[in-house]
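See below for the structure under consideration.
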Amino acid sequence: MLAISPGVRHVSTAKSMDAIMSLCKRRGFVYQASEIYGGINGFWDYGPLGAQLKKNLRDAWWQDMIMNPCWGRKGPNGERVKCVPVETCIIQHPKVWEASGHLAGFADPMRKCPGCGHFVRADQLWDIITTGSEWFASLIQEFEPALEDTKTPAIDASKLLKWARSKGRKQAPNLALVKNPEVVLSFLATRINGQPTAPPDVVEIIRHLATAQLNATGLQDPCPRCGDVLGTPAAFKLMFETYAGLTQSEDNKVYLRPETAQGVFVQFKNVVDTTRIKVPFGIGNTGKSFRNEITPRNFTFRSREFEQAELEFFCHPDESLEWYKFWRDFRMEWWKSIGLAGENLILREHEKDELSFYSKGTSDVEYRFPFTAPGFGELEGIAHRGDYDLTQHQTHSRNKLDYFDTTRGETLPNGGKKGERYMPHCIEPAAGLDRGALALICEAYTVDSARPSPEFLKLHPRIAPIKAAVFPLMDKDGLPEIADALYDKLFARFGRIGLIENDAKQSIGKRYARMDEAGCPYCFTIDGDTKADQTVTVRDRDTGQQQRMNIDKVEAFLAEKLGV
RNA sequence: GCGGGCGUAGCUCAGUGGUAGAGCGUCAGCCUUCCAAGCUGAACGUCGGGAGUUCGAAUCUCCUCGCCCGCUCCA
């Protein structure tokens, strides 16, 4: 290895995750949680700059989604978009998670279908197949004679073949019998003819029909929905558990929320009843959520504790598709507006077979992280959830959660409306703030070996944790005093939205370099001429170029650049 | 969950059984009129953690934790 000559920094020109993580640590953006104890898998802390950056991201979301939704533009109904905030608890009544579907099934070993994503309880698999599977019900019609209990039915290979090529293609597209009927049927025939004294029962026959490579894999279990081979059973403890109360009894067991959205749904009626807001409107909720990820990985991208910013937007079912498209497009625009404007950001509409059964449409805003490239990783999901959530909570809580809309229905003689009662549909833009912060850092991270400070962060001024720096060119001749006065002025004006630096130590180049790595967009330098003509230089982080301006113009210049 | 790689100062890394190092960064002083400059000095180490082998372990063995990569997984 070559010796590193003094004063020369060797930096790879590629955008490597190692280099980004290294910068995050060294500049105080992200630390490993509990690092002095060896760290803890799946948890990360934010340092001073990271905490401020993430706050800026959260504030931007809050401003553009709650305070002034969609920058004041009108929604599909021709009116300004209306949203209100709530802040709900991390720990909710356990029945919330029963109703939402998060709890059901996750206490017991489950098997996942790789074909359609369906989860099945391992211990109830065959009950579910024999009583609830569409393709099974259709398939056993082809047995001769009709099935009785689990006795061996007669097998007519030609009928099974015909089924595989007609109904099977629609009902169980991933079943081995459908994908490769000749091979599967030959295995089955070998089995039946091989041991005529111990004929296979229905379960074994079906398992044969689900198995494409008997010798390699043994008999497989099919997915009740699509017929694909199920994965091995595993206990999925998705949610963190703890106890509310002193005794660690089942009665006291509670869960840390796996998403913030449910808090909105369970308070939907309270918001409607205690504010004067009317459908269509949104309820925003931000905060920590927890998922016991099996494999936390990729820096902060998949953490076990993470922060969400979710909006649940409620509207009339007839207008829901328009609202879905509206939010999907706005959310993409929003991420672009804070610095993800390049080709690394895409909006991906889910395929029909990828959708939850209740969803009429789902899109992901995805970013090409260094660790996903050339693929993409999800930043935000925008889902049309129909009335699924409110209906679930209405059923489980036995509280009516529907909405009486006084702007609809036929016109009454007095000019008013008769009104219409309905369950609102919900559009959910759900963003991950930690993923957002990571994407912003990755996108901002730039290497230019031609610069004296090759590594820098091109953070959008709105997101940058340090908004500006004030530097006296030298630490003497009255320059620090002028810098202090400018600093005080800038701090008074901008100190509430970010950090302002004031530093007289060391060479000016080193101070610029520090600000480059921290992503500070503008540095204002006081030099000897300042005393004579009241001008300072402003240095642009991204170009390194400088211009002189009157010291009294600095505040207005910065305000314009920061958009405040 | 399986397999591979890695773990030494804030960062990047050298050190393969014998006194813990370098560059950069950080801090202080000097110098310096615009880009990690120069000079002088200083602080900073559970060598990831634990156990073992050894006269002696950063180094060898075992266990463990963490990070990265590939599968797996991610309602």
Side-chain angles (χ1 to χ4, degrees), chain A residues 1-12 16-19 21-28 31-44 47 97 100-106 110-114 116-121 231-239 258-259 291-304 356-357 370-371 377-378 450-456 471-477 479 504-517 523-532 536-541 543-548:
Chain A
M1 184 180 171
L2 288 171
I4 295 173
S5 50
V8 178
R9 297 173 63 87
H10 289 257
V11 179
S12 161
S16 85
M17 208 54 216
D18 284 347
M21 289 169 69
S22 169
L23 186 146
C24 282
K25 170 77 185 290
R26 141 174 119 244
R27 287 294 162 192
Y31 308 132
Q32 196 177 5
S34 304
E35 187 183 298
I36 62 170
Y37 289 101
I40 177 166
N41 192 342
F43 297 89
W44 299 88
W97 311 116
S100 70
H102 288 88
L103 193 53
F106 281 92
M110 303 288 285
R111 304 183 67 173
K112 187 180 182 183
C113 171
C116 64
H118 187 53
F119 273 78
V120 194
R121 273 186 66 167
T232 50
F236 291 83
K237 284 276 185 182
L238 170 84
M239 287 192 286
E259 62 173 38
R291 294 186 196 184
N292 212 346
E293 297 288 353
I294 297 162
T295 313
R297 203 170 277 194
N298 291 327
F299 202 26
T300 58
F301 183 77
R302 177 171 293 130
S303 305
R304 290 183 163 141
S356 311
F357 66 91
F371 49 79
E378 181 186 348
R451 289 165 61 115
S453 51
E455 288 179 284
F456 63 109
F471 296 148
L473 187 57
M474 288 174 304
D475 195 8
K476 61 178 186 182
D477 297 343
L479 302 186
K505 298 288 186 184
Q506 297 176 319
S507 76
I508 191 70
K510 187 171 286 192
R511 283 178 276 166
Y512 286 155
R514 269 199 286 255
M515 289 302 101
D516 282 349
E517 275 200 358
C523 297
F524 300 95
T525 302
I526 315 306
D527 61 17
D529 293 344
T530 306
K531 285 191 283 187
V536 300
T537 58
V538 51
R539 173 186 178 273
D540 182 279
R541 173 198 63 204
T543 64
Q545 290 182 339
Q546 302 185 153
Q547 65 179 97
R548 286 201 85 84

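The figures that follow rest on heavy atoms only: side chains count, while hydrogens, waters and symmetry mates do not. Note that the structure is predicted; figures quoted are calculated from it, not measured. Each chain gets a letter, A, B and so on, in the order the sequences are listed, and its residues count up from 1.
- When distances run from any side-chain atom of Gln506(A) to the nucleotides C27(B), C68(B), U33(B), the shortest one goes to C27(B).
- The same atom, C1', is picked in A43(B) and in A57(B); the two are 28 Å apart, to the nearest Å.
- Here the nucleotide nearest the side chain of Lys505(A), chosen from G29(B), C69(B), U33(B), is G29(B).
- Ring geometry for Tyr512(A) versus Phe471(A): interplanar angle of 30 to 60°, hence tilted.
- Between Pro258(A) and Pro296(A), the one whose closest nucleotide on RNA chain B sits nearer the 5' end is Pro296(A).
- Looking at heavy atoms from C-beta onward, Lys505(A) lies out of side-chain contact with Arg511(A) at the 4.5 angstrom threshold.
- Within 4.0 Å (heavy atoms only), Leu23(A) reaches no atom of the nucleic acid at all.
- G23(B): Watson-Crick or G-U partner is C11(B), with both key distances under 3.5 Å.
- Among the protein residues, Phe471(A) comes within range of no part of the nucleic acid, since none of its heavy atoms lies under 4.0 Å from any strand.
- When heavy atoms are screened at a 4.0 angstrom cut-off, Asn41(A) is found touching the sugar-phosphate backbone but no base atom.
- One interatomic measurement links the two molecules: NZ of Lys476(A) to P of C31(B), which rounds to 7 Å at whole-angstrom precision.
- Looking at heavy-atom distances under 4.0 Å, Gly42(A) makes contact with sugar-phosphate atoms alone, never a base.
- If you check distances only, the side chain of Glu455(A) never reaches the base of A36(B) with a donor-acceptor pair under 3.5 Å.
- In this structure, Ser22(A) reaches the sugar-phosphate backbone alone: every heavy-atom distance under 4.0 Å involves primed, P, OP1 or OP2 atoms, never a base.
- For the C1' atoms, the distance linking C62(B) with U54(B) amounts to 16 Å, nearest Å.
- Each of Val538(A), Thr525(A), Thr537(A), Val536(A) was checked for a side chain to side chain contact (heavy atoms under 4.5 Å, CB included) with Arg548(A), and the lone residue meeting it is Thr537(A).
- Here Arg511(A) lies out of heavy-atom contact (under 4.0 Å) with every strand.
- Across all strands shown, C47(B) forms no Watson-Crick or G-U wobble pair with both key distances under 3.5 Å.
- Below the 3.5 angstrom threshold, one finds a donor paired with an acceptor across the side chain of Thr537(A) and the base of C34(B).
- Listed pair Gln32(A) / C65(B) fails the phosphate criterion, with no side-chain N or O lying under 4.0 Å from OP1 or OP2.
- Between Asn298(A) and C67(B), a side-chain N or O to OP1/OP2 separation shorter than 4.0 Å is absent.
- In this structure, Asp529(A) reaches neither bases nor backbone, as no heavy-atom distance under 4.0 Å exists between it and the strands shown.
- At the heavy-atom level, Glu35(A) lies nowhere under 4.0 Å from the strands shown.
- Side-chain proximity of Arg297(A) to the nucleotides G10(B), C71(B), U26(B) is greatest for C71(B).
- Rounded to whole Å, the separation between the P atoms of C67(B) and U33(B) comes to 49 Å.
- In this structure, Lys25(A) reaches the C11(B) phosphate: one of its side-chain N or O atoms is under 4.0 Å from OP1 or OP2.
- Distance from the side chain of Leu473(A) is smallest to C34(B) among C34(B), C69(B), U32(B).
- Among the atoms of the strands shown, none is found under 4.0 Å from any heavy atom of Arg541(A).
- Contact of Gln546(A) with C35(B) (side chain to base): a donor-acceptor pair of N or O atoms is detected under 3.5 Å.
- A donor-acceptor contact under 3.5 Å is not formed by the side chain of Arg514(A) with the base of G25(B).
- Between the base of C35(B) and the side chain of Arg451(A) there is no donor-acceptor pair shorter than 3.5 Å.
- Mapping Met17(A) and Tyr512(A) onto RNA chain B by nearest heavy atom places Tyr512(A) at the nucleotide closer to the 5' end.
- The side chain of Lys510(A) lies closest to G25(B), out of C67(B), G29(B), G25(B).
- As rounded to the nearest Å, A51(B) and A58(B) have P atoms that lie 13 Å from one another.
- The CE atom of Met239(A) sits 10.5 Å away from atom CZ of Arg291(A), with the distance rounded to the nearest 0.5 Å.
- To the nearest whole angstrom, the two P atoms, one in U12(B) and one in U19(B), are 27 Å apart.
- Remark: the separation of the C1' atoms in G66(B) and G48(B) is 7 Å, to the nearest Å.
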